[in-house]
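Presented below is the structure to which this report refers.
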Amino acid sequence: MSTAPAPITSNFIRTIISEDLETGRRDQVITRFPPEPNGYLHIGHAKSFSLNFGLAEDFGGRCHLRFDDTNPIKEEDEYVEAIKDDVRWLGFDWGEHLHFASDYFDQLYLWAVQLINAGKAYVDSQSAEQMRENRGTLTAAGVDSPFRNRTVEENLELFKQMKNGDFPDGTHILRAKIDMSSPNMNLRDPAMYRILHAHHHRTGDKWCLYPMYDFAHGQGDSIEGVTYSICTLEFEDHRPLYDWFIKELGIFAPQQIEFARLNLSYTVMSKRKLLQLVNDKRVSGWDDPRMPTLVGMRRRGYPPEAIRTFCERIGVGKGASWIDLSVLEECVREQLNKSAFRRQAVLNPLKVSITNYPVDKTAELDAPNHPQQPDLGIRKLPFSHELYIDRDDFMEDPPKKFFRLGPGREVRLRNAYIIKCEEVIRDENGEVVELRCSADLDTLGKNPADGHKVKGIIHWVSAQHAEKVEVRLYDRLFNQENPDKAKNYLDAINPDSFITSTALIEPELLKAEPGTTFQFERVGYFTVDTKDSKPGKPVFNRTVTLRDTWAKFK
RNA sequence: UGGGGCGUGGCCAAGCGGUAAGGCACCGGAUUUUGAUUCCGGCAUUCGCAGGUUCGAUCCCUGCCGCCCCAGCCA
């Protein structure tokens with residue numbers, strides 16, 4: 001197992017920062033992760049905050065966690081706590097720097113007044129519809145609001161009344177006075193403050209007007225001394241606006257750098273859609289193991305290290321990119337392979353009796369917890385006359401390349417003996433119900449005395465010692481690479497993304513603690529569900545299957 | 001057909017004037033009591049296209065073509 005650190009491939013952001021540091025344009029690196037607390041974090045957010053925290057770490061700076069809570073209608077405390085949890089789960093630490101845009105509401109209000117005084121902002125009293133009409137289109141300039149030239153005094157008075165709650169929602173709005181004919185729509189007198197008689201999760205009922213994200217975000221960065229404000233591509237057009245506010249206000253200027261958000265095949269990433277999946281009960285909740293949310297992945301059994309590896313592996317660029325789900329799954333396997341204890345479990349049982357093994361005898365065989373890491377110890381595996389193997393490991397008329405069991409064929413029982421299929425028993429319908437096999441009792445821990453080779457190895461459990469448990473087989477939530485290409489993304493939901501089944505497990509597995517992951521040898525990685533498991537009655541979530549090159553031949 | 005971006009192998013992605021890193025995938029082969037893992041080896045005469053500058057261009061210039069984003073009192 002290599003311990004060499006994964007090579008960090010450069011990216012354009014790293015290059016910019018390095019240059020700034022070398023030329024002295026900047027002398028420190030302060031970044032931030034600015035989620036809106038209106039939903040749970042997903043893997044796309046993980047890419048963003050891994051980048052932000054990672055950069056700060058690599059350059060000896062720091063990264064803040066700031067909640068951009070400027071819209072009280074959509075934001076809740078529940079999400080704040082969940083987001084903090086997720087960021088910590090991935091191993092990042094914001095130290096003292098937990099902030100909220102709402103911490104700056106007073107300052108923001110003062111700045112709005114400053115802009116009004118400077119003649120750079122005005123209260124508009126058009127309706128939302130009128131504003132939309134007057135904004136123009138992508139190719140036609142907008143027209144000035146009839147209220148655009150109100151006097152500073154009038155604006156000041158109106159803005160104060162807005163703050164005092166003298167007006168109902170939607171009647172007035174504070175706008176920046178920039179240029180209604182700008183080719184950049186964001187500069188056509190954008191809204192700064194809207195009236196919202198709503199309860200805020202932190203400021204309560206103190207305010208009845210709230211700043212727009214665009215009027216809060218850049219200043220929040222400025223207040224915190226953020227040197228690099230890293231965000232996604234869709235805010236590229238907003239940068240001139242943020243820079244305008246910063247310049248007019250005469251405050252510290254962070255540098256915004258945009259990168260492409262993550263798109264993962266077979267999943268959707270918009271919070272609106274994830275919320276709908278939850279609300280419509282298409283999934284069991286934000287933490288449904290099929291969700292691309294961090295809580296979902298955690299419950300599914302994805303280790304945080306795997307997600308960090310994934311975020312590094314996919315890189316950072318500016319081109320819209322689609323990452324195949326298999327890349328994430330491969331990171332999960334890579335991590336789990338190193339640490340997960342090995343166990344045996346049979347999902348689709350077929351009875352096997354060992355004809356030359358005493359009916360009343362039970363042996364306790366030693367089986368390593370991890371064949372590649374002997375220091376992880378062993379566990380006892382009961383072996384007896386009657387076993388179960390997986391139906392997939394038997395074929396009546398197997399092709400040449402099938403290394404498993406078939407009439408007259410030999411196979412190695414994992415961690416036990418080599419057996420030979422002597423007889424196939426069927427029921428009245430002709431279905432195979434039992435295999436009678438002879439075992440070479442001299443093959444425990446060694447090859448046959450005559451030196452012949454047995455290539456196939458299959459897993460099994462002792463019938464009388466096996467315990468039956470629930471296993472949940474998860475697969476991709478959508479069966480279309482890009483669910484948004486369907487008429488409705490809900491139509492692309494994979495009906496087989498969640499299958500409840502049972503498994504016969506070796507007794508050792510009964511002690512499994514919720515949240516721990518095992519490799520069911522030759523099958524996949526399974527994690528004890530943290531919600532539905534009971535002591536002595538674990539429920540297993542299939543985290544990810546093992547790679548299966550044999551499956552390709554079939 | 002306004003503005004802002006982006007185009008390097010199947011998927012990501014370095015490189016930023018000196019003759020195409022790396023990862024994943026894929027294909028061989030070795031080891032293996034997991035058809036897993038691990039290990040070796042292979043995998044772009046070419047960087048969206050067409051011109052130009054240069055001794056030399058993926059990197060500079062020009063013109064095309066293609067894709068993404070923007071008309072919330074959302075973020």
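Proteins get letters first, then strands, A, B, ... in listed order; numbering begins at 1 in each.
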| request: Using the P atom on both, measure rG10(B) against rC26(B) and round to a whole Å. | output: 15 Å
| Can you tell me how far C1' in rC59(B) sits from the matching atom in rC47(B), rounded to whole Å? | 10 Å
| remark: Symbol by symbol from the 5' end, with Watson-Crick or G-U pairs under 3.5 Å, [ ] crossing and | another strand, RNA chain B is .(((((((.[[[..)..(...]]].(((((.......))))).....[[[[[..)....]]]]])))))).....
| request: Please state the C1' separation for the pair rU8(B) and rA14(B) - nearest whole angstrom. | output: 10 Å
| How far does the P atom of rC43(B) sit from the matching atom of rU53(B), given to the nearest Å? | 35 Å
| task | Indicate whether the side chain of D440(A) and that of Y417(A) have a donor and an acceptor atom separated by less than 3.5 Å. | result | no
| Interface residues of residues 324-334 of chain A with RNA chain B (non-hydrogen, below 4.0 angstrom) | V327(A), E330(A)
| field | C1' gap between rC60(B) and rG56(B), integer Å | value | 13 Å
| remark: Nearest heavy-atom approach of P37(A) to Y79(A) is O-CD1, 3.2 Å
| request: Take atom C1' in rC49(B) and the same atom in rG66(B), then report the distance between them in whole Å. | output: 10 Å
| Rounding to the closest angstrom, what is the interatomic distance between rU31(B) and rG17(B) at atom P? | 48 Å
| field | Quiz item: D237(A) side-chain donor-acceptor pair to rG3(B) base, under 3.5 Å | value | yes
